[in-house]
There are 2 protein chains.
Amino acid sequence: MTQRPTPRRPTLEDVARRSGVSKSTVSRVINDEPKVRAEVVDRVREVITELGYVPNQAARQLVTHRTNAVAVVATEPDNRLFLDPFFDCLLRGIRRELARHGAQAVLLFLDEPDDYARVADYLGGGHVDGAVLFSLRPGDRLHEMIERIGLPAVFGGRPLLRAGDTVHRHAYVDGDNRGGARQAVRHLVSLGRKRVATVTGPHDQETSAADRLAGYRDVLLDAPPELTERADYTRQGGADAMAALLDRCPDLDAVFVASDLMASGALQTLRARGRRVPEDVAVVGFDDLTDIAESTDPPLTTVHQDVEGMGRLMARLLFDRTERADRTDRTGRTEAPPSVVVPTRLVLRDSA
Amino acid sequence: MTQRPTPRRPTLEDVARRSGVSKSTVSRVINDEPKVRAEVVDRVREVITELGYVPNQAARQLVTHRTNAVAVVATEPDNRLFLDPFFDCLLRGIRRELARHGAQAVLLFLDEPDDYARVADYLGGGHVDGAVLFSLRPGDRLHEMIERIGLPAVFGGRPLLRAGDTVHRHAYVDGDNRGGARQAVRHLVSLGRKRVATVTGPHDQETSAADRLAGYRDVLLDAPPELTERADYTRQGGADAMAALLDRCPDLDAVFVASDLMASGALQTLRARGRRVPEDVAVVGFDDLTDIAESTDPPLTTVHQDVEGMGRLMARLLFDRTERADRTDRTGRTEAPPSVVVPTRLVLRDSA
DNA sequence: TTGAAAGCGCTAACAA
DNA sequence: TTGTTAGCGCTTTCAA
């Protein structure tokens, strides 16, 4: 690289001197403050490009306490999250909304145990104005970390309530897992199905799985336990769970599978066992991941959520909080976290 | 969230006062400098935790010119990159190596046209000590941006030479695409194959594709043009290209396919056309993405590159440059970018 | 509309 | 081993 011999980065002062005005004036020009004479503005702008001046954010930050950057923190062992189209879409929503506010999204990963300390330092060190966090593991240290640091934050997915708490301490955005599950199961019931089974996610670990199961139970108050089989949100898990259900309850005529990926596995099992879908067994999934839901055979009836919209919402919620934090500096008021649950809708295709 | 009523963050000064020493001493404790009495260290540490003091990075940065953060900039329309296992692996390598140096990797995306200005501001604003960049589009503005900003940088993949340049202006890390292709083709030749075809990537757009084609030609100096078919690094593209080759040269007995993904498509076509692999047609891929190469039928013989290692290397190269930049501040010396081409090796499975 | 001066929170000589 | 003193490059009163 052409490493110029230390051409010290120009500063505000350099620009001021060269354009024959004071630092304050240059600062005003940079920040688009109104009360500067037009010709002065032009002159200063000229010098800025001539010198290739770029404001030093550290210096600015030191006085404004603003960075215009927001961290997105993703936790996932081995980065499964990273390859997940759901997350991809969510992230796009977040980035778009942040960009609308002129903020830069910076993505941080939290994989190995050592990462915690470094990320905590980063978040606590004032590099960002706030954080959007995804904590997929229960009992994660993320919440505690955020609390200690005192950074405005919004979580993706409803966190587990901590022992002793009756209310969530952090704002979160989540899909209406319970309501969506109800829609799915009601649809199966309305089709006249009498033996509606369900394949669940890891409901002891993730609230989304627990909520989807709760929705199933809301509709089928007295569903016998043998109609419920737990899986792990993977395709293979869905296939296996479906097999187990079929072995146990050969007379089942419908199944609500708590994710599209698992549903695609379940469909495979049903086909292998010679059950026609939807004639013999009606199937409803959850997520509406187009890649999956439209390419299964038959195409999957499933519960849709506006994932990119959820991402945008998370960003918006975060801005509410950072701005409130600014105001709070003056008023000293305190508020409860305004979390949001995003509605779902049933998308009818051919499997139910 | 429990928004405390503006409990102004404690500063170095607060810690100093409360522990009855000077700011310098506290600073020394924080930075683990040796010459501080043990009891003083303890006392200060105590106060630090008591107050929950976290250093203000902006202030520190302002004087040290160090952030301990490195940006990883990914360009890709619609984030295809993001879902790519290759990139996932590369990124892991980068993160691990950065972590070893105590640096935080922050990932930035560059999708929409508006993103450029914001990212440029971010990179130029002193938020990071350097950047690792992936520019997959030819004629990208990234190089120019980095040059203007004057930030230590390392690129992933050999960039196209710019008009008028005879040498690369930026450091880069790349796999030995040309050498790997030579290994692949030599292997096919050593098997006694006489009509060795190739399915290429978009060699007019990406240097990796161009280099792999060049490697093929290095070995098969007088390969007739009809044995070369261009595709686009997708599975479908590979399948279509294979079909075209078969139509044109029914007598081909081997094919070097420039990526595993395309190779899996090619295998599919070969099977559909009733050609046995490797008996009738021997196939060699490129990349050695385990997910693909081990699950094709037959398992794919392919060219392996140590992707995570390449990631680590990129990070290491970047540290070389940031540290050199520090020294250069004093010596004023200039050096050419030390780019690295990482060797490949052929992994023999069953397809050739 | 502009400028002077103070200060954000830290590190780094230099003295002691 | 510790403290004193200058800044780092910017924004922001306050005066002019």
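Please read these numbers as outputs of a predicted model, since none were measured by experiment. Reckoned from all heavy atoms, side chains included, excluding hydrogens, waters and symmetry mates. So that the names make sense, note that chain A is the first sequence line, chain B the second, and so on, each numbered from 1.
- For the pair A/Thr25 and C/dG3, the criterion of a side-chain N or O lying under 4.0 Å from OP1 or OP2 is met.
- A salt bridge links A/Arg45 and A/Asp32; the closest N-O separation between the charged side-chain nitrogens and carboxylate oxygens is under 4.0 Å.
- Checked for salt-bridge contact, A/Glu308 and A/Arg312 meet the test: a charged N lies under 4.0 Å from a carboxylate O.
- Between B/Asn56 and B/Thr11 the shortest side-chain heavy-atom distance does not fall below 4.5 Å.
- End-to-end axis angle of the helix from C/dT1-D/dA16 to C/dA16-D/dT1, from C1' rotation axes over five pairs per end: 30° (rounded to 10 degrees).
- For residues 120-130 of chain A, proximity to DNA chain C is found at no residue, defined as any non-hydrogen atom under 4.0 angstrom from a strand atom.
- Between A/Leu90 and A/Phe134 there is a side-chain heavy-atom pair separated by less than 4.5 Å.
- Taking the charged nitrogens against the carboxylate oxygens, A/Glu112 and B/Arg95 have no contact shorter than 4.0 Å, which rules out a salt bridge.
- When rounded to the nearest whole Å, the span between CZ of B/Arg17 and P of D/dG3 equals 14 Å.
- Within 6.0 Å of CZ on B/Arg43 lie more than 12 heavy atoms contributed by other residues, nucleotides or ligands.
- With sequence neighbours excluded, the residues satisfying ring-ring contact (aromatic ring centres under 6.0 Å, His included) with B/Phe155 are B/His143, B/His170.
- Of the candidate nucleotides C/dT1, C/dG3, D/dT2, C/dG3 has the atom nearest to the side chain of A/Val21.
- Counting all heavy atoms, side chain and backbone alike, B/Val26 lies closest to B/Leu12 at CG1-CD2, 2.9 Å.
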Letter per nucleotide, 5' to 3', of nucleotides 7-16 of chain C [B base touched, S only sugar-phosphate touched, - untouched; heavy atoms, 4.0 Å]: -BBBBBB---
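- Look at B/Arg9 and B/Asp14 and you find no salt bridge, because none of the NZ, NE, NH1 or NH2 atoms lies under 4.0 Å from a carboxylate O.
- Distance, B/Lys35 NZ to D/dT2 C1': 12 Å, rounded to whole Å.
- At whole-Å resolution of the value, CG in A/Asp14 and P in D/dG9 are 9 Å apart.
- When the ring-ring contact (aromatic ring centres under 6.0 Å, His included) test is applied to B/His65, no partner is found at least two apart in sequence or on another chain.
- Shown here are the salt bridge (charged side-chain N to carboxylate O under 4.0 Å, His left out) partners of B/Asp115, two or more places apart in sequence or in another chain: B/Arg118.
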